[in-house]
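A short worksheet on the structure shown next.
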Amino acid sequence: MGDAGADGEAITVVRVAEAEIGVNLSRRLQSLLQACFPGYPGRSYFKLPPHFRYLAMTSGGDVAAQMGVEFRVIRVGDSVVRTFGVVDLCVTDSERSRGLAARLLAEVTEFARTCGMAFVVLFADDDRLYARNGWARVTNRCSWVRIHDHATLGIARQEDTGAMMVKAVGEQAWPEGDVDLLGHLF
């Protein structure tokens, strides 16, 4: 599906497996991520590469927005739930306030529904975009694998991350209990 960008150029959203991203596109993604997130490392992912990404591409081949997605089962209390985890959602300055981020979130939500995921999970300090698009903050105690510069540092545990948000994809309610991400922080 295509919409017009800031300069009237068509924008198309595509889903691409991380393993299929070549060097040229990876460099463009790295530039976008570094422009949007000060201090972002010199690569196209923060801790580990996502499983796939949604890319909003202009007809000229520029990346207008991107969102990484990780497929993972996590434990919440006594439940094991299938999730997609959203990472590094960002939009170029020239394309902001045009609905691209909401469009990417809608795409991952619909794909999660068709794949039988229970929830889409993300971590955000600023929750305004996500709350408008159906995510809710949760305050479960959480544990995850701490990773830095391609090294495992141990297990982190926090009473409440203050940033965890979930969106139910089906009928299941978010379970009570501690969250074990069974991997690194999204």
Side-chain angles (χ1 to χ4, degrees), residues 1-72 83-115 117 119-138 147 161-169 181 184-186:
M1 183 178 225
D3 290 329
D7 60 3
E9 197 174 14
I11 293 183
T12 303
V13 173
V14 296
R15 184 178 63 240
V16 60
E18 185 69 16
E20 296 175 335
I21 293 176
V23 174
N24 186 356
L25 180 54
S26 182
R27 284 188 187 123
R28 289 186 285 156
L29 291 168
Q30 177 183 340
S31 293
L32 171 63
L33 289 160
Q34 288 176 323
C36 292
F37 302 115
Y40 202 88
R43 55 183 178 254
S44 64
Y45 57 91
F46 195 70
K47 298 292 183 186
L48 291 172
H51 292 101
F52 60 93
R53 295 177 196 248
Y54 282 95
L55 306 177
M57 306 293 294
T58 68
S59 57
D62 292 327
V63 181
Q66 84 92 51
M67 176 178 68
V69 181
E70 299 187 14
F71 166 55
R72 191 174 311 160
T83 67
F84 279 155
V86 170
V87 296
D88 296 337
L89 172 58
C90 61
V91 179
T92 61
D93 281 339
S94 63
E95 297 297 336
R96 290 189 183 152
S97 299
R98 297 178 180 280
L100 268 181
R103 186 170 163 202
L104 296 180
L105 292 170
E107 291 277 346
V108 73
T109 300
E110 183 53 34
F111 188 54
R113 186 171 286 112
T114 64
C115 292
M117 297 295 130
F119 301 94
V120 180
V121 178
L122 56 84
F123 290 81
D125 293 324
D126 183 347
D127 67 2
R128 292 174 295 176
L129 167 70
Y130 307 107
R132 281 194 312 267
N133 286 280
W135 270 259
R137 271 221 198 269
V138 294
I147 296 174
T161 66
M164 188 172 187
M165 301 187 78
V166 300
K167 182 176 185 178
V169 177
L181 291 179
H184 66 285
L185 198 64
F186 295 121

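Numbers here simply count residues along the sequence, with the first being 1. All values reported here derive from a predicted model rather than from experimental measurement.
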Just by modelled atom types, is the [Y] backbone N or O under 3.5 Å from a matching donor or acceptor in the [X] side chain?
X      : Y      : value
Lys167 : Tyr130 : no
Gln34  : Pro41  : yes
Trp135 : Val120 : yes
Thr83  : Gly85  : no

Atom of [X], atom of [Y] and distance for their closest heavy-atom approach:
X      : Y      : value
Leu129 : Ala101 : CD2-CB, 3.7 Å
Leu32  : Gln66  : CD2-CG, 3.9 Å
Met165 : Ala131 : CE-N, 4.1 Å
Leu105 : Met67  : CD2-SD, 3.9 Å

**Request:** Would you please name every residue forming a ring-ring contact (aromatic ring centres under 6.0 Å, His included) with Phe119, sequence neighbours left out?
**Result:** Trp174
Expected list for residues 24-31: side-chain donor-acceptor pairs under 3.5 angstrom, two or more places apart:
unit_1 : atom_1 : unit_2 : atom_2 : d
Ser26  : OG     : Ser44  : OG     : 3.1
Arg28  : NH1    : Gly61  : O      : 2.2
Ser31  : OG     : Arg27  : O      : 3.2

To the nearest 0.5 Å, how far apart are [atom1] in [X] and [atom2] in [Y]?
X      : Y      : atom1 : atom2 : result
Leu104 : Leu55  : CG    : CG    : 8.5 Å
Leu122 : Leu89  : CG    : CG    : 8.5 Å
Asp62  : Glu95  : CG    : CD    : 9.5 Å
Arg43  : Leu48  : CZ    : CG    : 8.5 Å
Met164 : Leu185 : CE    : CG    : 8.5 Å

**Asked** Between Phe84 and Phe52, does the ring centre distance come in under 6.0 Å?
**Response** yes
**Asked** Is the Phe46 to Phe37 ring centre distance short of 6.0 Å?
**Response** no
Measure the shortest side-chain to side-chain distance between [X] and [Y] over non-hydrogen atoms and say whether it is less than 4.5 angstrom.
X      : Y     : result
Val91  : Arg98 : no
Arg53  : Asp88 : no
Met117 : Phe71 : yes
Thr92  : Val63 : no

Using side-chain hydrogen bond (donor to acceptor under 3.5 Å, both in side chains) as the criterion, list what pairs up with [X], not counting sequence neighbours.
X      : value
Glu70  : Arg72, His184
Asp126 : Arg128
Arg113 : Glu110

**Prompt:** Who are the salt bridge (Lys or Arg N to Asp or Glu O under 4.0 Å) partners of Arg15, not counting sequence neighbours?
**Reply:** none
